Amino acid sequence: MNAPFVGLQNPRLAALRQIERKLLWLSAWMVHQANHIRPNRDGLKVGGHQASCASVISIMTALYFDRLRPQDRVAVKPHASPVFHAANYLFGRQNVAKMEGLRQFGGAQAYPSRVKDGSEVDFSTGSVGLGVAMTSFASLIQDYVRLHGLADETHPPGRHIAIAGDAELDEGNIYEALLEGWKHDVRNVWWIVDYNRQSLDSVVQDRLFGRFEGLFGDMGWNVVRIKHGRTQEAAFARPGGAALRTWIDDCPNSHYAALTFQGGEAWRAALLGDLGRDAGLRKIIDPLSDDEVSHLMTNLGGHDIETLLDAFAAAEADGDRPTCFIAYTIKGMGLPFAGHKDNHSGLMTAEQMEVFRNAMGIRPGHEWDKFEGLSLPAAEMERFIADCAFAQPISPRGRALTAPLVTVPEAAPQPKLAGRTMSTQTGFGEILGEIGRAQGPWKDVCARIVTSSPDVTVSTNLGPWVNRRGLFDRHIRNDVFRDNKVASLQKWGMSPQGQHIELGIAEQNLFLLLGGAGLSHALYGARLLPIGTLYDPFVNRGLDALIYACYQDARFLLVSTPSGITLAPEGGQHQSFNTPLIGMAQDRLASFEPAYVDELAILMRHAFAHMQAPDGSAVWLRLSTRGLAQKQRTLDADAVIAGAHWVVEPGPGAPIALAYQGPVAPDAEAAFELLREDVPNAGLLAITSPDRLHAGWMSALRARRCGMRGAASHIETILAKLAPGAALVTVLDGHPSALAWLGAVAGQRLVPMGVDRFGQSGDIPDMYREYQLDTDAILDACAQALLG
Ligand SMILES: Cc1ncc(C[n+]2csc(CCOP(=O)(O)OP(=O)(O)O)c2C)c(N)n1
Ligand SMILES: [Mg+2]
């Protein structure tokens, strides 16, 4: 661990200033060559954010080359991606080809991406606000795995740091995360706000800082304002300095930004216009050249390495309290468009780049040389970088950790089904509750499961599990009702050993938590099997965070229940019908909707394995509260996992099959019995996953286009049992297009049934009649399909 910086003449400071210079050059050059030098084949803007990068150079230099330890985990604001790649390049963890390929196929990503840029990226960013909030949930998960003894103790715990753009604090999810973090007493989190007071479109409102200070303070955070650099502080200490400080503090953001852009002459005119009669101030300003006036006025804390290091060291000394640093900066600092309100996507022109190149001392052809244009010898710089704490490996594989797989037994515990009427939601609660006994072959899986729910733990049937495993909290908190002998089905004692993390009603928080927990193997070397439950319609409420978790390849099991219009009396507002389509469209998420509990048991077992498989993914089970008479049968587990199985195989030359998905099964079965009276060889197909079927079909089509003639998908094999001109009727409690594509697989005539309107409540008979999911409607659709 480096000692915090001390003293002006410290050689560390000299080296850090060289690194600032290098990061500024490399990030600007990376964007420049992508836009101006690399051939452009399609005429589209490549883009990049030189001003956003310049704004955060000193902050990232101070962090990466001084304060960060290898175990720390960082979310870098999306538009500073080139600075991040440049820092990694100096550490020998990034190469020129990737940087030259910024925003190009196979090159460095526009925004840091775990999946595409590799494991140097701790948290992907891009959708502003999410990466910031993710650090808080990841820190909670770090505490969880350590308190459960699951983490590899050879890795010391890290700090979770977000380097945030100030406009990210406009995102509501930030405040949801702050509140939840407060409830869970989150520790070891730093948010460093690059407070350049500019967003994409504009210069932000004055006095915003005061709001942030209040909000963060209310949530138990330490707020550190890093406003002035050393040069400014030295000037403030002189006679006339107090007036200068007041002038700076009172200057509206947009005026300050405009003067920064205009430069020394404009600064002097403005200062003298307001304070020209102050003899002390004149003594400060008059001897300075225009460039020096400019330097003084732009010497904000976020551009001053010494000030930043002092602030970081003081926060470290303060312990593990979450800390928000508001680092005042200038967007585009050191570049020709510094402070200009339109600089967000501004790119230096070729002429400006030449001037910048000369100022940086970079010879043509040496743009990527690590130490070109620096005043310290290369060997000294190399030594300095190699000695940085962050340069030390966290594991032989770099910053990515791994964790052994947890063996998943052959079959999930299956509740007694004979003679029972049961919903998939009940089945889920019983199966998980059984695993929660932590007995027999499921003991190891049980130890790795962590569940969470945004205030719908009981209503999604996690109750039996939670009663067995307890609620997680960093501190022991008793169940007051239990202690007072008040009878309740729910036992809610909290302890560091608990395995359920209860969240408030904020669905984005659930998905951010699942994102952090689902990366625990890579971040903390501890394998977790996270399960999150929520009502199906509210997947939409957290959707961007769900997509964000999948984008990072986080591994978790999402259980959404109740779903569809089948939740009937719970009301029209709670109905969901777009979710099967989301499940199909979302990459790195395998989605299923079983109808019966025997299928569910197969899929839950599969989920625990698939979540751990190198080529696996997160898993989504869409469940229902409708009780169905359970079946005694033997299923082909592979077919259930592949997405469909024949309940009644069609006879030779069958002219029609009826395919159902989820809780409409009894109505489809009843219609099928009537259909069979007229068409004895008709088939009845149970669909458990349009997502898996579709993915398999796509993959077979692609393989055949690549010459693998024998490639066939599960759905093609299934539908081949029907006559070539056969008709299909599909029915699900969801948007009909989720299954309508089945007609294209073998060119069959298809009538799709499902829900494309919503908002009416009632009981199931009324609802199924209204939305045409009942037996009569299905039978009519069969007639329609047969008649063509
Ligand atoms: C959720 C989301 N909405 C919109 C955008 C488009 N966008 C990209 S950057 C940005 C403003 C960024 O401003 P700030 O966070 O202050 O960063 P700066 O560039 O000033 O450092 C916006 C609106 C986005 N990336 N994500
Ligand atoms: Mg900004």
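The structure displayed is predicted, hence computed values, not measured ones. Scope of the values below: all heavy atoms of this structure, side chains included, with no hydrogens, waters or symmetry mates.
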Quiz item: Going through the checks in order, is the side-chain contact (heavy atoms from CB on, under 4.5 Å) test met by Val56 and Thr329?
Solution: CA-CA 8 Å; Val56 82; Thr329 54; over 6 Å; no

Exercise. Evaluate side-chain contact (heavy atoms from CB on, under 4.5 Å) for Leu519 paired with Arg555, printing each intermediate quantity in order.
Key: CA-CA 7 Å; Leu519 291 173; Arg555 303 299 182 85; over 6 Å; no

Exercise. Test side chain to side chain donor-acceptor pair (under 3.5 Å) on Asp369 and His366 and set out the steps.
Key: CA-CA 5 Å; Asp369 291 4; His366 293 265; 2.6 Å; yes

Exercise. Could you please spell out the steps behind the side-chain contact (heavy atoms from CB on, under 4.5 Å) verdict for Asp117 and Phe84?
Key: CA-CA 11 Å; Asp117 287 324; Phe84 171 79; 5.6 Å; no

Quiz prompt | side chain to side chain donor-acceptor pair (under 3.5 Å) evaluation trace for Tyr328 with Arg197 | solution = CA-CA 8 Å; Tyr328 280 67; Arg197 291 147 291 155; over 6 Å; no

Practice problem: Take Leu300 and Gln232 through the side-chain contact (heavy atoms from CB on, under 4.5 Å) test and state the conclusion after the steps. | Solution: CA-CA 8 Å; Leu300 299 181; Gln232 286 191 353; 3.8 Å; yes

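Here the shortest heavy-atom pairing between Trp191 and Ser136 reads CZ2-CB, 4.3 Å. Considering all non-hydrogen atoms of both residues, Arg21 and Gly361 come closest at NH2-N, 4.2 Å. The shortest heavy-atom contact between Leu514 and Ala554 is O-CB, 4.2 Å. Residues Gly339 and Ile330 share a closest heavy-atom pair of N-CG2, 3.9 Å. When all heavy atoms of Val193 and Cys324 are compared, the pair lying nearest together is CG2-SG, 4.0 Å. Listed here is the closest heavy atom pair of Ala62 and Leu309: CB-CD2, 3.6 Å.
Within the 6.0 Å centre-distance limit, the rings of His79 and Tyr111 are counted as a close aromatic pair. Taking the six-membered ring for Trp and the full ring otherwise, the centers of Trp221 and Trp182 sit at least 6.0 Å from each other. Aromatic pair Phe312/Phe325: ring centres closer than 6.0 Å. With ring centers used as reference points, Trp267 lies under 6.0 Å from Tyr256. When ring centroids are compared, Phe91 and Phe390 come within the 6.0 Å threshold.
Between Asp66 and Arg12 there is a salt bridge, since a side-chain N of the basic residue sits under 4.0 Å from a carboxylate O of the acidic one. Residues Asp194 and Lys77 are paired through a salt bridge, judged by an N-O separation under 4.0 Å between the basic side chain and the carboxylate. Ion pairing between a basic and an acidic side chain is recognised when a charged N comes within 4.0 Å of a carboxylate O; Arg69 and Asp72 show such pairing.
Atom CG of Asn509 is separated from atom CG of Leu513 by 8.5 Å, given to the nearest 0.5 angstrom. Between atom OH of residue Tyr524 and atom CD1 of residue Ile141 there is a gap of 8.0 Å, rounded to the nearest 0.5 Å. Here CD of Gln552 is found 6.5 Å from CZ of Arg114. Values are rounded to the nearest 0.5 Å. Here CG of Leu335 is found 11.0 Å from CG of Leu347. Values are rounded to the nearest 0.5 Å. Here the straight-line distance linking atom NE2 of His340 with atom OG1 of Thr260 works out to 12.0 Å at 0.5 Å rounding. Here the straight-line distance linking atom CE of Met381 with atom CG of Leu374 works out to 5.5 Å at 0.5 Å rounding.
Between the side chains of Thr61 and Glu20, no donor-acceptor pair of N or O atoms lies under 3.5 Å. If you check the side chains of His155 and Gln71, you find no donor sitting under 3.5 Å from an acceptor. For Ser55 and Asn196, the side-chain atoms include at least one donor-acceptor pair closer than 3.5 Å.
Between Leu308 and Ile59 there is a side-chain heavy-atom pair separated by less than 4.5 Å. Side-chain contact between Met348 and Gln50 is present, with heavy atoms from C-beta onward closer than 4.5 Å. Side-chain contact between Asp544 and Phe511: absent, with no pair of heavy atoms (C-beta onward) separated by less than 4.5 Å. Here the side chains of Glu100 and Glu367 are not in contact, with every heavy-atom distance at 4.5 Å or above. Here the side chains of Thr231 and Phe236 are not in contact, with every heavy-atom distance at 4.5 Å or above. Residues Glu382 and Phe371 have side chains in contact (heavy-atom distance under 4.5 Å, counting atoms from C-beta outward). In this structure, the side chains of His160 and Met134 stay at 4.5 Å or more apart for every pair of heavy atoms. Proximity of Glu233 to Asp304: side-chain heavy atoms (C-beta onward) are nowhere separated by under 4.5 Å.
Using a distance-only test at 3.5 Å, with no hydrogens or angles considered, no donor-acceptor pair links the side chain of Tyr89 to the main chain of Leu26. For the pair Thr135 (side chain) and Val132 (backbone), a donor-acceptor distance under 3.5 Å is present. Between the side chain of Arg527 and the main chain of Ala403, a donor-acceptor pair closer than 3.5 Å is present. With hydrogens and angles ignored, the 3.5 Å screen pairs a side-chain donor or acceptor of Ser520 with a backbone N or O of Ala526. Under the 3.5 Å distance criterion, the side-chain polar atoms of Asn343 are matched with a main-chain donor or acceptor of Lys331. Side-chain atoms of Gln198 never come within 3.5 Å of backbone atoms of Ala257 as a donor-acceptor pair (strictly under, hydrogens ignored). Formation of a donor-acceptor pair under 3.5 Å by the Asn88 side chain with backbone atoms of Arg93 is not found in this model. With hydrogens and angles ignored, the 3.5 Å screen pairs a side-chain donor or acceptor of Ser27 with a backbone N or O of Leu24. Judged by distance alone, the side chain of Gln352 and the main-chain N or O of Thr349 form a donor-acceptor pair under 3.5 Å. Checking side-chain atoms of Thr323 against main-chain N and O of Arg321 turns up a donor-acceptor pair under 3.5 Å.
For the side-chain hydrogen bond (donor to acceptor under 3.5 Å, both in side chains) condition, the pairs that include at least one residue of residues 370-380, sequence neighbours left out, are Gln18-Ser375, Arg363-Glu372.
Within the cation-pi definition used here (under 6.0 Å to the ring centroid, within 45° of the axis), Arg159 qualifies as a partner of Trp190. A cation-pi arrangement is found for Arg357 relative to Trp29, the charged atom lying closer than 6.0 Å to the ring centre and inside a 45° cone about the ring normal.
Residue Arg211 places its CZ atom among 12 or fewer non-hydrogen atoms of other residues, nucleotides or ligands, all under 6.0 Å distant.
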